[in-house]
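Below is one structure, written out as structure tokens; the observations come after it.
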Amino acid sequence: MSLKHFLMHGRHIPFLLGIQMAFIILFGVFVEYDKEADSGKAINANATTNEGNTIGHYYPMFQDVHVMMFIGFGFLMTFLKKYGYSAVAVNFLIAAIVLQWATLCQGFYHTFDGRRIHITITSLLNADFASATVLISFGAVIGVTTPLQLAVMAVCEIAIFASNEHLGLEILRISDVGASMLVHVFGAYFGLAVSCVLRRDVSSEKEGATYNSDIFAMIGTIFLWLFWPSFNAGLAEGDAQHRAVINTYYSLAACCVTAFAISALVSKEHKFDMVHIQNSTLAGGVAIGTAADMMIHPFGAMIVGSIAGTVSVLGYRYLTPVVNRRLGIHDTCGVHNLHGMPGMIAGIVGAITAAAATQEEYGYSLYRQFSARAPLAGTPEFKALHHHIEHLEPGLGRSASMQGGYQIATLFITLAIAISGGLVTGLILRLPIFGKVHQDHLFDDEMCWEVPEADHPQLEQ
Amino acid sequence: MSLKHFLMHGRHIPFLLGIQMAFIILFGVFVEYDKEADSGKAINANATTNEGNTIGHYYPMFQDVHVMMFIGFGFLMTFLKKYGYSAVAVNFLIAAIVLQWATLCQGFYHTFDGRRIHITITSLLNADFASATVLISFGAVIGVTTPLQLAVMAVCEIAIFASNEHLGLEILRISDVGASMLVHVFGAYFGLAVSCVLRRDVSSEKEGATYNSDIFAMIGTIFLWLFWPSFNAGLAEGDAQHRAVINTYYSLAACCVTAFAISALVSKEHKFDMVHIQNSTLAGGVAIGTAADMMIHPFGAMIVGSIAGTVSVLGYRYLTPVVNRRLGIHDTCGVHNLHGMPGMIAGIVGAITAAAATQEEYGYSLYRQFSARAPLAGTPEFKALHHHIEHLEPGLGRSASMQGGYQIATLFITLAIAISGGLVTGLILRLPIFGKVHQDHLFDDEMCWEVPEADHPQLEQ
Amino acid sequence: MSLKHFLMHGRHIPFLLGIQMAFIILFGVFVEYDKEADSGKAINANATTNEGNTIGHYYPMFQDVHVMMFIGFGFLMTFLKKYGYSAVAVNFLIAAIVLQWATLCQGFYHTFDGRRIHITITSLLNADFASATVLISFGAVIGVTTPLQLAVMAVCEIAIFASNEHLGLEILRISDVGASMLVHVFGAYFGLAVSCVLRRDVSSEKEGATYNSDIFAMIGTIFLWLFWPSFNAGLAEGDAQHRAVINTYYSLAACCVTAFAISALVSKEHKFDMVHIQNSTLAGGVAIGTAADMMIHPFGAMIVGSIAGTVSVLGYRYLTPVVNRRLGIHDTCGVHNLHGMPGMIAGIVGAITAAAATQEEYGYSLYRQFSARAPLAGTPEFKALHHHIEHLEPGLGRSASMQGGYQIATLFITLAIAISGGLVTGLILRLPIFGKVHQDHLFDDEMCWEVPEADHPQLEQ
């Protein structure tokens, strides 16, 4: 193990140790428990229950989302015959980096008081959401990037993602409870842009599945499908949370049935295609994300889910091959079909639903749902409303259609930032210092794993 | 892909698209959020917490049950060497259909106010319970039915199931918290009746397991075993929920140990048999289901679990081969041993426990547990009791033994409805329009999946 | 199946049936629902919600821990190519035994009132913690022990474990919220001592992984990693629970990144090593366990996690081979590296943090965290403090450094009891009556399973 060898093959080691050390130092300087988790500042020192502590409220859905990130995304990508170790384990590594880095990036925008970032269970949940963004992008470049390239991509992407999230939620004041625009659209187009810049000739017989690898992948699919209501409702509260769970559940059920039907319609001999089942059945969760807590009604959610399932299967069958050939984008997992287009649908559905929201339908909770629609401070409208709603915060006095316009604007701004961010990041990843995957090692665990002797069973099979 | 080919192999496509469209229309006409999930009707528009919203109470157990349906049942059935895709993915499709259809069928009985069905998180949980019924029946016919046949079976079964459930819970007023009679007995005997009508000659070397497929199946087993307390306690509350969790936990633990021991006792060379471990370890969850929230005491639950584990293993070893030969019923997964007989045990145990329930032991919560035992409205007994229990609803003035009789009656009524419903459904499924599995494709994913080239690894092995 | 054959190969059958019967009798005599789960004693017979019932508080984290025991430990051990059935299924059997036996052993120490043990959801959670102890020891002897030996080991170990737990928590009054000393250190060194006594010559080509078995094992790894915050916070409350979740989350994230880096540093060609990824990424969960609910701050947790990840990988790479050679301890899963050394780190970190705890930092909750630090009853200090804290219980008037000393003392007492208990148990397991694994059957499911014909695919591969 000479120095030369280390410089060739071990470059990720100092990078990983370096960022981990940097995270520790930054956490030491900037991060502190919020008062709910701080013994000295706890509301009630006698507290022997969780009353008044938000951990009980957020924890179950947080854990569901946590499972989605590590089991869901990790196993979804194990479908490649010789890339199972990397799929699940590199997913694990990258997500663990992002949880820490996103705590810092999001914390600076959300809870930084000039001296400290204050963390609670919602910081953890937000960091998990952020990791989804990177894991989606991962799907667009899996098999053609080294762990070092992925780690660098993660660091760049999260910084840009957190800025765009801040822009959307706090400056443009839009509603995106399931983060379909801010996470799914962002992650998909960022990843596609990176893939476009890296453009590798990737024709490889290793880019396929085996019988067992497809079943492993279904573990990921099913857990993602099951816990998606927690993803879309995790940050909502009260009736909005209840509604987000219901809408997501029915959107996903409708999407699943439709995706099976369309898959059989467009596949050879009218059989089902595993790629569609593993991915397109989930498109309904993405597509309802933005409007999940709005009054879209169960049948509305089911329409959205059915459309998303259809679009996603058609994308895999007809669009991806064309995009690959024409644009040289190699979208390994088809994230454009699972996250990209369904995320665009989500943004549009969200904007329409927001533009149709009235106080008649939403009651006073309209102003909780769309905070910018509350009247401006000091206006007579604000005073009249404040009479009815004790905790009303002044808003921007937006009309329904203005809110819809801001929603659409955010969708396109997100798209623009994701694509340009991805292009720049792709250029960075092409720097020789970060290495690249040798042609023989595309979609092959041998690149960074010791694979059992005389084994690699999935290939022989 | 000619029209003729479509008519031969693509018949499930219009059916799936058709029912999905029908569901959307029916939801549009009949289904609405209940007030807890309706922004305009939310109890408190200022609400920024979940206080007073039932989502927080039901959601964690709901998700456990959700995992049982899709991961538990889906993977439990992957044990077949060439049928893994179908096991997990067709399970997924059928369950997604049922979630929507059961919402409608159960809603008409439970929450229909003449105009609308009002849905909450408990509607979702009930729909998941309903899907268990169909997935149990699925186990009796897996490998010998087409997806179209299964979808048709699901639609018929749920309509009958919902009627029987209404009869049991709301007319006969019985207690069946873990739905061992209404779901397990119903699903098992319905499926066996269907299997009996379809009676296929199914001797196939494909009906076996491989090393990997057995381990995949254990994923299903373990998740079912772990989350069964949530299944049995999900719809209970307070001390009854607490008790249902405890009883199910110890029943399952005792059942697991006993099933291992009996498996070794009756198997070749006193080895353990994977079929028993995958299935019979779960019988304790079924067998305690009806009495799970009753005062059966932990040791009582453990006795029930031990008996169920023993009966289930003996059923696999000695009864199933005979039933197959004599009645021509091909019970692929042995649902009679896992759900049928243990469900019968549950019904009997529930009846005995109900017949022994006294106010001394249960206190005033006797009338919450067995609502029909509350005195009739207007009687002096009712007035006396109302004095002590503020929210007392008038009942039917049943004695303990009468309640026990109604419990037993419900068991046999369920059995009768399930068997006759299954026979009729089986006849429907034999209509030529629904097609049938070609002899070569029994237990074979090739029937409706594109299996990876030169692969089908589990067979070569 | 002659009697002689039964006596040779069926000895585990009467043992399993016998202990199950004994458990039922002991439960019948001694175990009763606590009032929260007892219908007659329920606080409020009108109760239709979970208010005031602890089931809602504990249940979600309890289920996470439950998943860790059966999916986590079970699948983590499936990495062996020919030992997958045993790993997941014998794990299942042993844990089911322990859940019942630990309820009795821990109940006698915790809730026995002279007549009855009173059980609630926390009894179930504690029994799951206890099962972790045995499953950790299982990892040290997997492949070289029969199921009967393991069941006997479990019975002995839990009796000793419960005594040591009582000594630590109730007599020495130490704080160990994640049970890193009482479960991890105990389980690891107990198992290593047993392994040392059994000392088998275990060079076997079967002791390796295949591609698929490694991916199965990752299911275990990821679920353990995800739910570890629930393990460390499950028995805490309020701000302490919130803090335990945060600390464990960041400790694990830092540990994961560090373990990947160090794995690449010390492995051939700077590749990652699956053994390290499957195990060492979890060391951060163990190492933060004792101090998880203390004011160690996020960056402190990350330092602990990074150190644990490093030590664990180095242990696998350099220490285990030496220990195997020199001491004849065959540590199949490397529990010394995952539970032993990280548990020692946890004990030391906990002692240091406890010794640094001041009332300034913790406020009045200092006396909830470290109950022995409350002043002695009747002293002026107690009276002064009682003025501020309504529910204050008198303590032992310990200083911070005294508490730290007791923490360290408990670590070494646990070590001593575990090692001596393990040595004695190992001698018991060598009694001819319990049989032993034939040399040909080491690490081989054939010993106690009927393996599919012409299959055993993982070997051919």
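Atoms considered below: every heavy atom in the structure, side chains included; atoms not considered: hydrogens, waters and symmetry mates. Letters A, B, ... are given to chains in the order of the sequence lines, protein chains preceding strands, and every chain is numbered from 1.
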Ring centres under 6.0 Å, that's the criterion: do [X] and [Y] meet it?
X      : Y      : value
B/Y250 : C/F27  : yes
C/F231 : C/F129 : yes
C/F216 : B/F216 : yes
B/Y211 : C/Y85  : yes
C/F108 : C/F112 : yes

Using heavy-atom distances under 4.5 Å, tell me whether [X] contacts chain C through its side chain, its backbone, both, or neither.
X      : answer
B/F272 : both
B/S230 : both
B/A254 : both
B/F227 : both
B/D293 : neither
B/M61  : side chain
B/I219 : both

Select one option (side chain, backbone, both, neither) describing which atoms of [X] are under 4.5 Å from chain B's heavy atoms.
X      : value
C/H66  : both
C/F15  : neither
C/N91  : neither
C/M447 : backbone
C/F30  : neither
C/P147 : side chain

Hey, what do you get for [atom1] ([X]) to [atom2] ([Y]), rounding to the nearest 0.5 Å?
X      : Y      : atom1 : atom2 : value
C/I117 : C/T103 : CD1   : OG1   : 8.5 Å
C/F23  : C/L26  : CZ    : CG    : 8.0 Å
B/Y58  : B/L235 : OH    : CG    : 6.5 Å
C/D38  : C/I119 : CG    : CD1   : 11.0 Å
B/Q278 : B/I215 : CD    : CD1   : 10.0 Å

Contact winner vs chain B - [options], heavy-atom pairs under 4.5 Å:
options              : result
C/V31, C/I71, C/L17  : C/I71
C/M69, C/E32, C/M21  : C/E32
C/A127, C/A37, C/A96 : C/A37

Any donor-acceptor N/O pair, B/Q403 side chain to B/F370 backbone, under 3.5 Å: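 Flag not set: sc B/Q403 to bb B/F370 has no pair under 3.5 Å.
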Just so I understand: if I count every heavy-atom pair under 4.5 Å between each of [options] and chain C, which residue has the most?
options                        : answer
B/S263, B/P229, B/C255, B/G300 : B/P229
B/Q63, B/Q369, B/E361, B/M274  : B/M274
B/G208, B/A233, B/C256, B/P60  : B/C256
B/T258, B/N247, B/D273, B/L366 : B/N247
B/I222, B/L252, B/I277         : B/I222
B/M218, B/M295, B/E360         : B/M295

Step-by-step side-chain contact (heavy atoms from CB on, under 4.5 Å) determination, B/R368 to B/Y362: CA-CA 10 Å; B/R368 185 191 59 193; B/Y362 285 76; over 6 Å; no
Heavy-atom neighbours of B/K271 NZ exceed 12 at 6.0 Å: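 Yes - once you tally the heavy atoms of other residues, nucleotides and ligands closer than 6.0 Å, there are more than 12.
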